[in-house]
Amino acid sequence: MNFITGTYTDQYQLTMAQVYFHNNGAEQEAVFDYFFRKSPFKGGYAIFAGLENLLDILEDLSFTKKDLDFLKAQGFDRKFLEYLKEFEFKGKVYSVSEGDVVFPTRPVVRVEGNIIEAQLIETVLLNILNFQSLIATKASRIKLVAPDRTLIDFGMRRAHAFGSYHASRAAIIGGFDASSHVMAGRDFGIPVSGTMAHSFIQSYDDELSAFRAFAKVRPDDCVLLVDTYDTLKSGIPNAIKVAKEMEADGHKLKAIRLDSGDLSYLAKKSRKMLDQEGLEYVKIAASNQLDEYVIKSLLEQGAPIDVMGVGTNLVTGKPDAALDGVYKLAYTKGKARIKLSENKAKITLPGKKQVFRLRDSQQRLIGGDLVTLEDENSVEEMFHPFEADKSMKFSDCQQEPLLKMVMKNGKRLNKTKSLKEIQKYSQERLAEFPIEFTRFDNPHIYKIGLSKNLLDLRNQLVTEEKEKAL
Ligand SMILES: Nc1ncnc2c1ncn2[C@@H]1O[C@H](COP(=O)(O)OP(=O)(O)OP(=O)(O)O)[C@@H](O)[C@H]1O
Ligand SMILES: O=P(O)(O)OC[C@H]1O[C@H](OP(=O)(O)OP(=O)(O)O)[C@H](O)[C@@H]1O
Ligand SMILES: O=C(O)c1cccnc1
């Protein structure tokens with residue numbers, strides 16, 4: 001679904017680019033940071049997702065004739081349109097690896113380029129990264145409470161239209177196993193999976209005939225939806241009948257699906273009825289407005305549900321609906337730049353920066369990421385961004401640089417990673433964090449500390465800008 005061209009943006013990117021263009025912007029180096037301010041779902045972390053899609057888009061970004069005709073009609077001038085006609089993103093991208101665990105207020109992606117190109121990509125970058133990171137985070141929370149269950153994304157129908165396509169991808173990064181979304185499966189190598197709808201059962205004169213018809217055509221991929229009329233009195237007895245008929249033909253019923261009622265009670269009863277008939281191998285799938293809290297509760301109740309189909313709450317990122325990621329200028333014209341705010345937490349971090357994950361000599365996380373200026377090394381103390389008296393010393397600790405160059409001169413430097421690889425990486429990274437950081441209620445705050453040089457630079461720029469404003 002690569003319909004993305006230069007006009008997939010907010011108009012202000014184009015108007016700013018036009019002004020930069022007429023003022024030598026093509027010669028002006030700029031550095032922007034992508035970061036978010038608050039972890040979603042009142043949680044303690046986010047899972048970074050969307051990078052591979054963003055790099056694909058940046059590699060191909062151009063203005064088509066249709067774009068240029070439209071922009072001409074909008075009043076953009078001829079010279080600027082000629083520039084856009086030849087436009088290619090030629091910048092550099094430094095990024096955290098896709099799937100990594102990330103935290104508020106410190107850079108996740110850094111873009112360097114001339115100010116026209118670096119500014120022009122803001123909206124598409126935010127559009128892709130904010131959404132996928134939100135959904136990957138939601139998926140990872142579900143995976144945390146149900147690590148040994150099969151998780152299937154059923155969300156396409158309730159997603160924000162085409163967002164479903166990337167939601168399905170992000171769900172896999174966060175730990176889901178499969179999706180009902182066929183196109184996402186085609187394009188991203190996601191295992192595609194599914195059962196049947198109530199309409200299918202309703203379309204037959206009786207439930208048993210519907211089950212039989214399905215089993216006949218799809219004997220090796222048969223999941224029967226058992227709650228259309230009465231789960232325990234009709235659905236399960238009919239499923240048992242069909243399972244036995246399938247056995248006689250050398251096939252195995254894969255699962256039954258519950259989609260209403262008390263899922264714990266019904267799953268327990270269903271399990272018992274199936275087992276009594278020697279159908280221990282038939283799995284139980286459940287769906288119906290599941291989320292991490294309902295799933296946690298179902299598992300605490302001992303519900304023998306093997307497969308969770310999760311739709312609305314996953315792909316809409318409910319209840320948050322958006323990750324608040326932003327893209328801010330940190331450096332241009334040879335000078336670090338800052339944005340001030342009444343709200344301290346919104347003051348940006350100036351300059352070209354690097355982020356390090358800190359581990360002790362036994363490779364255990366020490367509970368914080370360190371943000372430094374790019375060319376600093378062997379920093380041994382980090383400071384609270386706003387409380388000058390709070391600092392932490394850490395000699396003899398391992399510092400893993402998190403921002404790596406992934407694109408240079410507009411071309412990606414590494415081959416595209418498979419979703420499986422990204423998922424595996426994500427899970428390994430998340431597993432490093434003790435439960436204090438990943439629990440749902442009042443998670444422990446993972447520290448983000450600044451090096452002394454970065455802190456001093458920020459304070460100096462704050463003073464300078466405040467003086468200018470007097
Ligand atoms: N045992 C359980 N413990 C906790 N939550 C459950 C349990 N069983 C079901 N739920 C959840 O409770 C909610 C019940 O929703 P709802 O009232 O829409 O279900 P329903 O009336 O059974 O289904 P429908 O309206 O689709 O016919 C769902 O989110 C469901 O996943
Ligand atoms: O509940 P979600 O997590 O979004 O999961 C997807 C839902 O979509 C289907 O229902 P359908 O669209 O047929 O409507 P229904 O709610 O009446 O079952 C399916 O049976 C699930 O209930
Ligand atoms: O395959 C299913 O059972 C399915 C797919 C999408 C939404 N609800 C259910």
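Every number for a ligand or one of its atoms is a count from 1 in the order of the listing.
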Within the protein, is there a heavy atom lying under 4.0 Å from [atom]?
| atom | result |
| --- | --- |
| atom 17 (O) of ligand 1 | no |
| atom 5 (N) of ligand 1 | yes |
| atom 29 (O) of ligand 1 | yes |

(message) As a test of understanding, state which of Lys138, Arg439, Lys143 forms a salt bridge (charged side-chain N to carboxylate O under 4.0 Å, His left out) with Glu292.
(response) Lys138
Could you tell me whether [X] and [Y] make a salt bridge, using a distance below 4.0 angstrom between a side-chain N and a carboxylate O?
| X | Y | result |
| --- | --- | --- |
| Asp33 | Arg110 | no |
| Lys318 | Asp291 | no |
| Arg359 | Glu432 | yes |
| Glu428 | Lys424 | yes |

Kindly assign one of parallel, tilted or perpendicular to the pair [X] and [Y], based on the angle between their ring planes and the thresholds 30° and 60°.
| X | Y | value |
| --- | --- | --- |
| Phe437 | Tyr446 | perpendicular |
| Phe433 | Phe103 | tilted |
| Tyr293 | Phe440 | perpendicular |

Of the protein's non-hydrogen atoms, which lies at the shortest distance from [atom], and what is that distance?
| atom | result |
| --- | --- |
| atom 10 (O) of ligand 2 | Arg157 NH1, 4.1 Å |
| atom 27 (O) of ligand 1 | Ser260 CB, 3.6 Å |
| atom 1 (O) of ligand 2 | Gln289 N, 2.8 Å |
| atom 22 (O) of ligand 1 | Gly261 N, 2.5 Å |
| atom 16 (O) of ligand 2 | Arg158 NH2, 4.3 Å |
| atom 3 (O) of ligand 2 | Gly311 N, 2.8 Å |
| atom 19 (C) of ligand 2 | Arg257 NH1, 3.6 Å |
| atom 4 (O) of ligand 2 | Thr312 OG1, 2.4 Å |
| atom 18 (O) of ligand 2 | Asp259 OD2, 3.0 Å |
| atom 1 (N) of ligand 1 | Asp262 OD1, 2.8 Å |

(message) Could you measure the distance from the CD1 atom of Ile142 to the OG1 atom of Thr137? Nearest 0.5 Å is fine.
(response) 11.0 Å
(request) Please examine the side chains of Val111 and Tyr34, heavy atoms only from C-beta on, and report whether any two atoms are closer than 4.5 Å. (result) no
(message) Within the 4.5 Å heavy-atom criterion, are Lys353 and Arg106 side-chain neighbours or not?
(response) no
Atom indices of ligand 1 within 4.0 angstrom of [X] heavy atoms, with elements:
| X | value |
| --- | --- |
| Leu298 | 1 (N), 2 (C), 3 (N), 7 (C) |
| Val294 | 5 (N), 11 (C), 31 (O) |
| Ser264 | 1 (N) |
| Gln289 | 29 (O) |
| Ser297 | 3 (N), 4 (C) |
| Gln301 | 1 (N), 2 (C), 3 (N), 4 (C) |

Listing, residues 278-287 side-chain donor-acceptor contacts under 3.5 Å, not counting sequence neighbours, or none:
residue : atom : partner : partner atom : Å
Tyr281  : OH   : Glu247  : OE2          : 2.7
Ser287  : OG   : Arg257  : NH1          : 2.7
Ser287  : OG   : Asp259  : OD1          : 2.8

(message) For a side chain to side chain contact (heavy atoms under 4.5 Å, CB included) check, start with the C-alpha distance between Leu263 and Met308, then their side-chain angles and the critical distance, and finish with the verdict.
(response) CA-CA 11 Å; Leu263 296 174; Met308 308 282 177; over 6 Å; no
(message) Can you confirm whether the side chains of Asp177 and Thr150 place a donor and an acceptor under 3.5 Å from each other?
(response) no
(message) Under a 3.5 Å cutoff, is there a donor and acceptor pairing between the side chains of Arg141 and Tyr45?
(response) no
(message) Test your reading of the structure: does Leu263 have an N or O sitting under 3.5 Å from an N or O of ligand 1?
(response) yes
(request) Using distance alone, decide if ligand 1 has a nitrogen or oxygen within less than 3.5 Å of any nitrogen or oxygen in Leu290. (result) no
(message) If you take the nearest heavy atom of each of Asp227, Asn288, Leu258, which one is closest to atom 14 (C) of ligand 1?
(response) Asn288
(request) Return yes if some donor-acceptor pair links the side-chain N/O of Asp227 with the main-chain N/O of Leu258 below 3.5 Å, else return no. (result) no
(request) Please confirm whether the backbone N or O of Ile172 pairs with a side-chain atom of Arg169, one donor and one acceptor, at under 3.5 Å? (result) no
(request) Check each protein residue for a heavy atom under 4.0 Å from ligand 3 and list those that pass, ordered by chain and number. (result) Phe154, Arg157, Ser180, Gly194, Thr195, Arg257
